[in-house]
Amino acid sequence: MRCLAIACCCLLAAAALGKPQAKPDAKSQAKPEEKPQGRPQEEWRKPEPTDDFDATTIPAVPFEMKTLEKNNDLEPLPVNRTGGARAVYEITLATGNYYWTSPNHPNNYPNNYDIGLRLTGSAGQLITISCDPFRLENHDRCVWDYLSINGQRYCGTRTEPTIRSSTQLNVDFHTDSSVTASGFYCLIVVPQPGSLSGCECGIRQNARVVGGEDAARGQFPWQAGLVPRGSTRTFCGGSLINNRYVLTAAHCTVSFSPSEIQVMLGDLRIGTSDVGEQRFSVQQIIEHPLYTSATGSGWDFSLLKLTRTITFTSTVSPVCLPTIRQTYAGAEATASGYGRLGATEPQATTLQFVQLPVWSQTACQSLYGPTLKSTMICAGGYPEGGRSVCNGDSGGPLVSDVSGRSQLIGVVSFGVPCALSYIPDVYARVTEALSWIATNTADAEYCNA
């Protein structure tokens with residue numbers, strides 16, 4: 001079975017853009033050293049991951065989780081309340097980014113606090129709320145202290161609330177007369193008004209993926225290809241997430257300016273004018289501020305703001321963003337891209353896809369050790385090998401189907417090349433970047449999830 005052809009930039013693209021070329025690919029598809037039966041796990045030789053599939057191993061750096069902080073780009077919600085009897089506020093918000101915190105945050109909130117917010121956008125926009133950090137008194141049914149958003153109660157620390165694509169947010173915060181905690185910090189994004197009513201994310205135009213073959217027209221309508229300006233040969237992939245932005249890997253864009261890159265959407269066959277194919281120039285590149293390298297800091301995310309809004313069609317439409325706090329361990333996922341068909345084979349000329357199992361964080365960390373951060377997710381590693389992503393697929397999507405919709409759970413980042421048995425590849429975990437994505441795409445419109 002054909003290996004889906006990961007790398008930051010293919011040699012063709014590097015040459016076309018006049019950038020330093022990556023080291024030649026010297027990977028093979030032979031199985032790695034087999035793990036001997038009956039021996040402890042630590043005695044098996046662990047793989048050494050390489051950044052961008054270069055031959056040089058980049059040592060990992062210490063990881064520090066940073067929470068969302070207030071900044072001058074955010075406005076507080078127009079609510080000033082310290083306690084007393086329950087009150088409900090109906091608020092119409094103009095386009096912008098807002099924050100709302102529990103009283104006294106980051107210190108403990110008070111007892112007997114009760115407030116309701118009814119939030120709408122000034123033009124009926126689909127607005128978003130995400131809360132991180134989040135810490136309330138815990139209860140298995142959230143009956144003591146809770147934050148309720150559109151009828152869903154949250155408490156403890158088990159789930160950080162995120163609600164997307166709602167024209168009205170009904171938010172209620174209630175505390176009882178005893179235990180308190182540090183509370184929450186919520187980001188509320190009201191995008192520019194648009195005309196996306198009726199559009200839906202994560203919808204395929206073809207049957208369910210079964211693995212390792214040419215894609216059909218419209219099968220992955222969110223697939224993006226990054227190309228040198230004026231070229232048709234992709235060097236990285238990406239995912240369309242709304243009507244203005246493509247999410248890709250930071251290691252794909254860190255060396256380039258917006259004027260050097262264009263984005264292809266609806267492109268099924270490289271070098272051929274496909275029906276519905278669209279080419280876009282890039283207005284802005286927004287790399288995650290915590291990114292240093294794919295195998296170092298993690299946070300391998302980059303947003304490409306296109307120079308014009310996108311007209312959705314049967315072959316060009318966005319993928320859904322994932323559900324916050326979901327690990328997707330044990331799920332089936334699908335990677336797609338235009339990369340190499342094998343370690344020593346050329347890049348694909350038709351969009352490829354492959355179905356891959358998602359590993360638990362514990363299992364993957366036993367292979368990658370401290371290189372694997374909480375901002376990463378692993379998939380692949382079939383016992384027989386031969387199926388994975390490969391050079392040229394970096395930045396592309398890893399999606400998992402949930403209730404008939406494809407959710408973007410990973411961005412192709414790095415691995416031990418290429419399609420080796422028992423060794424999964426590593427993707428940037430999208431659930432970890434949802435607040436950053438929401439903040440930096442506030443001027444775009446999302447489709448219904």
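Since we're looking at a predicted model, the values are computed, not measured. All residue numbers refer to positions in the sequence shown, counting from 1.
- A donor-acceptor distance shorter than 3.5 angstrom exists from the side chain of Lys373 to the backbone of Thr371, with no hydrogens or angles considered.
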I would like to know whether Leu303 and Ile241 meet side chain to side chain contact (heavy atoms under 4.5 Å, CB included); could you show each step before the answer? CA-CA 10 Å; Leu303 286 164; Ile241 59 171; 3.9 Å; yes

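- Counting only N and O atoms by type, the side chains of Asn108 and Ser182 include no donor and acceptor under 3.5 Å apart.
- The main-chain N or O of Asp401 is never found under 3.5 Å from a side-chain atom of Ser406 such that the two would form a donor-acceptor pair.
- Side-chain contact, Ser421 with Glu384: no donor N or O sits under 3.5 Å from an acceptor N or O.
- Looking only at distances, a side-chain donor or acceptor of Thr248 sits under 3.5 Å from a matching main-chain atom of Gly237.
- Between Tyr185 and Cys131 there is no side-chain heavy-atom pair separated by less than 4.5 Å.
- A 4.5 Å side-chain heavy-atom check between Val412 and Val426 finds every atom pair outside the cut-off.
- Counting heavy atoms from C-beta on, the side chains of Ser400 and Val358 never come closer than 4.5 Å.
- Judged by distance alone, the side chain of Arg153 and the main-chain N or O of Cys142 form a donor-acceptor pair under 3.5 Å.
- Ring pair Phe184/Trp100: centre-to-centre distance below 6.0 Å.
- Expressed to the nearest 0.5 Å, how far OG of Ser317 lies from CG of Asn242 amounts to 12.5 Å.
- Shortest non-hydrogen contact noted between Pro103 and Pro110 is CB-CD, 3.7 Å.
- Between the side chain of Trp359 and the backbone N or O of Pro424 there is no donor-acceptor pair closer than 3.5 Å.
- Heavy-atom minimum distance, Leu240 versus Phe312: CD2-CE2, 3.9 Å.
- Using a cut-off of 4.0 Å between Lys/Arg side-chain N and Asp/Glu carboxylate O, Arg405 and Glu200 are scored as salt-bridged.
- Side-chain contact between Thr253 and Glu287 is present, with heavy atoms from C-beta onward closer than 4.5 Å.
- Of the possible polar contacts, none joining the Arg429 side chain to the Thr375 backbone as a donor-acceptor pair under 3.5 Å is found.
- The main-chain N or O of Asp267 is found under 3.5 Å from a side-chain atom of Tyr338 such that the two form a donor-acceptor pair.
- For the residue pair Ser336 and Gln223, a side-chain donor N or O sits within less than 3.5 Å of a side-chain acceptor on the partner.
- Remark: side-chain polar atoms of Gln262 are not paired, donor with acceptor, to backbone N or O of Glu260 under 3.5 angstrom.
- Atom OG1 of Thr180 and atom CG of Leu136 lie 10.0 Å apart (nearest 0.5 Å).
- If you take OH on Tyr427 and CG on Leu408, they are separated by 11.5 Å, rounding to the nearest 0.5 Å.
- Taking the six-membered ring where tryptophan is involved, the planes of Phe414 and Tyr368 are perpendicular, since the angle between them exceeds 60° and thus also 30°.
- The closest side-chain heavy-atom distance from Trp222 to Leu247 is not below 4.5 Å.
- Not a single side chain to side chain donor-acceptor pair (under 3.5 Å) links Tyr382 to another residue, sequence neighbours left out.
- When side chains are defined from C-beta on, Phe173 counts as touching Thr175, because their heavy atoms get closer than 4.5 Å.
- Counting heavy atoms from C-beta outward, Tyr98 and Leu93 have side chains that approach closer than 4.5 Å.
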Begin from the C-alpha positions of Cys378 and Leu372 and carry the test side chain to side chain contact (heavy atoms under 4.5 Å, CB included) through to its verdict. CA-CA 9 Å; Cys378 301; Leu372 194 76; 3.6 Å; yes

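- A distance of 8.5 Å separates SG in Cys199 from CD in Glu445, rounded to the nearest 0.5 Å.
- Shown here are the side chain to side chain donor-acceptor pair (under 3.5 Å) partners of Asn104, two or more places apart in sequence or in another chain: there are none.
- If you check the side chains of Arg387 and Gln355, you find no donor sitting under 3.5 Å from an acceptor.
- Applying the ring pair (Phe, Tyr, Trp, His ring centres under 6.0 Å) rule to His174 yields the partners Tyr146; only residues at least two apart in sequence or on another chain are considered.
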Could you go step by step and tell me if Tyr245 and Tyr446 meet the side chain to side chain contact (heavy atoms under 4.5 Å, CB included) rule? CA-CA 10 Å; Tyr245 288 84; Tyr446 285 82; over 6 Å; no

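- Ala224 is linked by a side chain to side chain contact (heavy atoms under 4.5 Å, CB included) to Val246, Val263, Leu265, counting only residues two or more places apart in sequence or in another chain.
- Annotation: ring pair (Phe, Tyr, Trp, His ring centres under 6.0 Å) contacts of Phe280 (sequence neighbours excluded): none.
- A side chain to side chain contact (heavy atoms under 4.5 Å, CB included) with Trp436 is found for one member of Leu187, Ile286, Leu290 and no other, namely Ile286.
- The salt bridge (Lys or Arg N to Asp or Glu O under 4.0 Å) pairs that include a residue from residues 167-183 are Arg86-Asp172, Arg118-Asp172, where partners are two or more places apart or lie in different chains.
- Across all their heavy atoms, Arg244 and Ile310 have their closest contact at N-CD1, 4.1 Å.
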Can Gln361 and Ser374 be said to form a side-chain hydrogen bond (donor to acceptor under 3.5 Å, both in side chains), step by step? CA-CA 8 Å; Gln361 203 74 351; Ser374 64; over 6 Å; no

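- Judged purely by distance below 3.5 Å, without hydrogens or angles, the side chains of Asn150 and Gln152 never pair a donor atom with an acceptor atom.
- Ser297 contributes a side-chain N or O that, together with a main-chain N or O of Thr292, makes up a donor-acceptor pair within less than 3.5 Å.
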Residue pair Ser394, His251: steps toward the side-chain hydrogen bond (donor to acceptor under 3.5 Å, both in side chains) verdict: CA-CA 8 Å; Ser394 275; His251 77 257; 2.8 Å; yes

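- Cysteines Cys201 and Cys447 are not disulfide-linked, with SG atoms at least 2.5 angstrom from each other.
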Trace of the side chain to side chain contact (heavy atoms under 4.5 Å, CB included) decision for Leu398 with Thr334: CA-CA 5 Å; Leu398 179 72; Thr334 304; 6.0 Å; no

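- To the nearest 0.5 Å, atom OG of residue Ser239 and atom CG of residue Leu321 are 9.5 Å apart.
- A ring-centre distance under 6.0 Å is not found for Tyr291 and Phe301.
- Here the closest non-hydrogen pair linking Ser102 and Tyr109 is CB-CB, 4.3 Å.
- The line from OG of Ser293 to CH2 of Trp299 is 14.5 Å long, rounded to the nearest 0.5 Å.
- When all heavy atoms of Ala335 and Val389 are compared, the closest pair comes out as CB-CG1, 3.7 Å.
- Residue Asp425 comes nearest to Gly415 through the heavy atom pair OD1-CA, 3.7 Å, listed as atom of the first residue, atom of the second, then distance.
- Without hydrogens or angle criteria, Asn111 side chain to Ser178 main chain gives a donor-acceptor distance under 3.5 Å.
- Relative orientation of the Tyr154 and Phe134 rings is perpendicular, given thresholds of 30° and 60° on the angle between their planes.
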